[in-house]
Structures are given as C-alpha cells and as structure tokens.
Amino acid sequence: MAMPGAVVAARVILWIKVALVTFALLALWALSDDVREELTPAENRALTLLLVWMLVYACAIAYLAVRMGGRRRWIRIAVIVAESLSGVSGVITLVSGNGNLGHVVAIGLAVTVIACMSGEAKYYFTH
C-alpha cells in the first residue's frame with residue numbers, strides 16, 4: 001500500500017521541524033558561549049538542559065519520520081504524543097507571556113501533523 005498523502009505531508013512537516021529545531025539549537029548554542037559568563041549557575045544548568053532537550057526532540061522526531069514507512073501503529077501514536085506535547089508546550093509558553101512567532105508556528109505545525117495522523121493515516125498504520 002502506498003503512503004497516503006496525509007502521511008507524506010506529516011512526514012515532510014516533521015522533517016521541517018527537525019530542520020527548524022536544529023537551526024534554533026545551533027543558534028542558541030552559538031550565543032550561549034557569550035551569554036554563559038553572565039548567567040548564574042542555575043541559569044547555566046537550565047540552558048544546558050534546554051539544549052539537550054532540543055537535541056533529543058530533534059532526534060526523536062527525525063527517527064519517527066524515518067520509521068513512518070514501516071507502518072507500525074506505535075509510530076502513529078508516538079507522533080501524535082510528541083506533537084501534542086509540542087503543541088501544549090507552545091501554548092503554555094504563549095500564555096505565560098514568553099512566546100513569540102516561533103511558538104505560534106510550532107503550534108500550527110503540531111496541529112497540522114496531528115490532523116494528518118487521523119483518517120486515512122489511521123488505516124495506513126493499522127493495516
């Protein structure tokens with residue numbers, strides 16, 4: 001069975017998110033060397049944790065995008081869970097007043113991927 005268009009679209013969006021997160025990770029890492037000297041030890045740990053989290057997230061969604069062709073049910077569930085967490089995180093950041101246009105884009109991409117994972121995608125991953 002050929003991969004449905006919605007699944008292909010979700011896969012492309014996941015790769016776009018990998019690129020965006022990787023770019024943000026590298027930019028933040030490059031800036032962190034100059035900024036780290038002015039931060040407290042707790043803020044340094046928080047920045048390091050953020051960088052590690054971004055790396056883990058990028059690797060996880062890249063892995064899921066690669067595995068989508070395998071048609072395993074757990075892949076669809078994992079994509080929905082990861083994108084739900086991404087969307088909720090973006091909403092919390094926006095509500096707290098710390099958000100920006102990047103968070104709005106991340107929420108939109110997460111909602112789009114979740115929408116793509118229903119309907120014909122559900123059939124694709126279960127049969």
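One-based numbering along the sequence shown.
Separation of atoms CG (Leu47) and CG (Leu39) is listed at 6.5 Å; rounding is to 0.5 Å. To the nearest 0.5 Å, atoms CG (Leu50) and CD (Glu43) are separated by 13.0 Å. Residue Leu64 holds its CG atom at 11.5 Å from SG of Cys59, rounded to the nearest 0.5 Å.
Not one N or O on the side chain of His127 forms a donor-acceptor pair closer than 3.5 Å with the backbone of Tyr124. The backbone N or O of His103 lies less than 3.5 Å from a partner atom in the side chain of Asn100, making a donor-acceptor pair. The closest donor-acceptor contact from the side chain of Arg71 to the backbone of Thr126 lies at 3.5 Å or more, if one exists at all. With hydrogens and angles disregarded, a donor-acceptor distance shorter than 3.5 Å links the side chain of Arg11 to the backbone of Val66.
Side-chain contact between Leu51 and Leu55 is absent, with no heavy-atom pair separated by less than 4.5 Å. No side-chain heavy atom of Lys122 sits less than 4.5 Å from a side-chain heavy atom of Met117. In this structure, Pro4 and Val8 have side chains that are not in contact, with every pair of non-hydrogen atoms separated by 4.5 Å or more.
Considering all non-hydrogen atoms of both residues, Ala58 and Val21 come closest at CB-CG1, 3.9 Å. Scanning all heavy atoms of the two residues, the minimum distance from Arg72 to Phe125 falls at O-CD2, 3.4 Å. For Cys116 against Ala6, the heavy-atom pair with the smallest separation is CB-O, 3.3 Å. Across all non-hydrogen atoms, the minimal contact from Ile114 to Ser84 is CD1-OG, 3.6 Å. Taking all atoms of both residues into account, the shortest heavy-atom contact from Ala62 to Val18 is N-CG2, 3.7 Å. Considering every non-hydrogen atom in both Met68 and Leu14, the closest pair reads CE-CD1, 3.7 Å.
The same ILVMFWY cluster, assembled from side-chain heavy atoms under 4.5 Å apart, contains both Ile13 and Tyr63. Put simply, Leu20 and Ile61 are part of the same group of oily side chains (I, L, V, M, F, W, Y) that touch within less than 4.5 Å, one to the next. Side-chain heavy atoms closer than 4.5 Å link hydrophobic residues (I, L, V, M, F, W, Y) into clusters, and following such links, possibly through other members, connects Met3 to Trp74. Connection of Ile80 to Leu85 is not established within any shared hydrophobic cluster, with ILVMFWY side chains joined at heavy-atom distances below 4.5 Å, either directly or through further cluster members. Two different hydrophobic clusters hold Ile92 and Leu49 under the rule that ILVMFWY side chains link at heavy-atom gaps under 4.5 Å.
Taking a 6.0 Å sphere around CH2 of Trp53, one finds it holds 12 or fewer heavy atoms contributed by other residues, nucleotides or ligands. The environment of CH2 in Trp29 is sparse: at most 12 heavy-atom neighbours from other residues, nucleotides or ligands sit within 6.0 Å.
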